[in-house]
Amino acid sequence: MKTIVHLVIFVLVSISVYAEDGHNLWLRRLNPKPVNVVCIKNSSTVSLAKQELQNGWMGEAGASVNLVIKTDKAIRGDGFRINANSIQANTELGILYGVYELLRRQQTGEAIQEEICNPSYERRILNHWDNLDGSIERGYAGQSIFWRKGNDAYTITETDKTLWQEYARANASIGINGAVLNNVNASQLMLTNECLQRVKAIAEVLRPYGIKTYLSVKFSSPAQIGGLKTSDPLNPEVAQWWKDKVKEIYSLIPDFGGFLVKANSEGQPGPQDFGRTHADGANMLANALNPFGGIVMWRAFVYSASDEDRAKQAYLEFMPLDGQFRDNVIIQVKNGPIDFQPREPFSPLFGAMKKTTVMPELQITQEYLGHSVHLAFLSPMWEEFLQSDTYQEGAGSTVARCTDGRIFPQKHSAIAGVANIGLDANWCGHPFAQANWYAFGRLAWNSSIRSEQIADEWIKLTFEGTGNTNEATLDQTMDWNLNFLSPVKQMMLDSREAIVDFMMPLGLHHIFSANGHYGPGPWWAPKGMRKDWTPPYYHQADSLGIGFDRTESGSNGVGQYHEPLRSVFTNLATCPEAYLLWFHHLPWDYKTKSGRTLWSELCYHYDGGVQQIRHFQQVWDRIERYVDRDRFVDVQKRLRDQSLNALEWKDACLLYFQKFSRMPVPYDLERPMYNLDYLIEKDTKRVGVYHH
Ligand code: BDP
């Protein structure tokens, strides 16, 4: 009996040594050394900074580090000056950020010379699409960390607080300084006192880490919970109701950030219900928030049920309002003109609204990139977007420069990412999805870092020292770099393009099935459905060709871009092939740059995407000995599912489009493995969201 007990204990201990559930994210602290921290100021944020240094110091044992709070004009906002033994900042938060930077560099082996690091954006915000019942719209990593249903929905437990604190720490470590705690499809109940009390409790945990709380609000709240007859923004009682509500919020949460609003979009109420404009609505809320320093983030994700090309609609609605918004209103624009597709050109609103503050909205959760099944590193997509040249103020007017205050002087600057965080032990579902949370924070802090660097850092912080290898010798480090870091990094960097290839290459977009946005559905068009909610509207395939004509002969979506882009996209010789079918409807035998027909080119892309995922499986199997068992098996399993899904995408799209092209799949490519009828049938049986 005794031996059995010993054996059980031994097994448990060994498991706990090697088990890595991913909960510590990129903040695993390995073998810290003693350090002496000197700082005259004391506050909760500064003591967090000290504690982090003490728990994570990997520099010289027994070294002294100075933390200095001193005003310096070269340092902006919560930026900092760093060198190997000191951090200087204007603010306490700057000190904390400097500490995280120093520790990251020690752990990843990056050089630490004297340097000033300033944030690109003033506000770096996560948007949680969390509902008050604990479910998460487009969430693939479990229930909400903030909300739950049931009798104890509003009880604040120690477990809640611990989780919120871990969440705050993870965000602060990558520079995120704001969180919208509830879904943009907001419930009016969000503004009831019961909910606000919970927000207050969350805000108290987040505050020492420099994270402000924001809320999504429902525009019809005054009528729904305030007992008013209307929610018309120009009605004085309505304006007063919001003023009182805002006052109540600030009495509970003195550093409250402000509101996020989805209005007159996808059935949400808004000022247009009362014959008013987006500006009327946003300004009314801005007036209420202004005395407290709060902001309004007003979303431009709108598309009315008109015949107008959906890609043009946000621009058509918002451009005429340029110059009418208060200076504490920020228009929040999704990166692309349609909806978080695997690839879209940038939204033409960037750089075009010159008298209005505009902020990008990115989607970290992989709604359209394979949920938490696919390995998709999104940083290259965001880098492509941020570095896109809008030409609005001459060459070099990148989206980043148009939104971070470098081109347009504006009171605020901000960037948002729709979070992929839930109650799953590893927070994000797929172990590699953590890299997207990480990348969002890093890019929001510094929009010019390259994806390669972000991947490099993340892999080191996340995986180093977790395999069967012991304390690393020089040889082992070289081996690790060569046989783990480098192939895994390459896989991450290639992963988004692989998805574009097997889902919707050459500028195709929104050909998903039904509401789940996971599998293929180029045929999906139930009777009576709004046209712009069905794939055939987007691919426009017919016997003559495929693609959406957005040139002057079509919807003239190109007209919303600044020259020379308008001409570049219009002219087939210059239009990047990645956007070919986004802007053009072309014949099946159109000759692409490779000399192939358009049809063959499509086939090669779809097939290439599938082959790439199979290659990722090989890469992953080969690195087995460098990773802890749990994460190895987990990723291996997800890659298998991704491979199967890729094959479905390829077969579904090619077999369906072949009905129009009537051309053979090039004979050197693998033949289809599925029948189209089977895939269509399977799709009709799939209930909404894909279950892993
Ligand atoms: C779409 C999502 C939907 C969101 C909407 C939005 O499918 O769940 O509510 O965007 O951003 O992509 O408002």
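Start at 1 and go down the list; that is how both ligands and their atoms are numbered.
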- Message: Looking only at protein heavy atoms, which one is nearest to atom 4 (C) of ligand 1, and what is the separation?
- Response: E137 OE2, 3.6 Å

- Item | Proximal ligand 1 atoms for N185, defined as those under 4.0 Å from one of its heavy atoms | 9 (O)

- Message: Are any of the N/O atoms on E367, whether in the backbone or the side chain, positioned under 3.5 angstrom from an N/O atom of ligand 1?
- Response: yes

- Member of F346, F340, F350 meeting the ring pair (Phe, Tyr, Trp, His ring centres under 6.0 Å) criterion with F385: F350

- For ligand 1, the portion of Q363 having any non-hydrogen atom under 4.0 Å away: neither

- Query: Can you name the one residue among F318, F325, F219, F301 that meets ring pair (Phe, Tyr, Trp, His ring centres under 6.0 Å) with H278?
  - Reply: F318

- Task: Considering only non-hydrogen protein atoms, determine which one is nearest to atom 5 (C) of ligand 1 and report residue, atom name and distance to 0.1 Å.
- Result: E266 OE1, 3.4 Å

- Query: Is the NZ or CZ atom of R550 both under 6.0 Å from the centre of the six-membered ring of F548 and within 45° of that ring's axis?
  - Reply: yes

- Message: Regarding Y214 and R123, do their side chains bring together a donor and an acceptor under 3.5 Å, going by distance alone?
- Response: yes

- Item | Residue part near ligand 1, for N183, under 4.0 Å between non-hydrogen atoms | neither

- Message: Taking a cutoff of less than 4.0 Å between a non-hydrogen atom of the residue and any ligand atom, is K334 in contact with ligand 1?
- Response: yes

- Query: Within 45 degrees of the axis of the six-membered ring of Y537 and under 6.0 Å from its centre: does K531 put its NZ or CZ there?
  - Reply: no

- Item | salt bridge (charged side-chain N to carboxylate O under 4.0 Å, His left out) assessment of D322 paired with K354 | CA-CA 7 Å; D322 191 21; K354 299 182 198 302; over 6 Å; no

- Taking atom NZ of K355 as the centre, report whether more than 12 heavy atoms of other residues, nucleotides or ligands fall under 6.0 Å from it. no

- Query: What do you reckon, does E361 have a nitrogen or oxygen under 3.5 Å from a nitrogen or oxygen of ligand 1?
  - Reply: no

- Which heavy atom of the protein is the closest neighbour of atom 13 (O) of ligand 1, given with residue, atom name and distance? K262 NZ, 2.6 Å

- Message: Please list, in number order, the atoms of ligand 1 under 4.0 Å from a heavy atom of F301.
- Response: 5 (C), 6 (C), 10 (O), 11 (O), 13 (O)

- Task: Looking only at distances, please establish whether an N/O atom of ligand 1 is found under 3.5 Å from an N/O atom of W129.
- Result: no

- Task: Give the residue, atom name and distance (to 0.1 Å) of the protein heavy atom nearest atom 12 (O) of ligand 1.
- Result: D339 OD2, 2.6 Å

- Item | Short N-O contact, R310 and D532, less than 4.0 angstrom | no

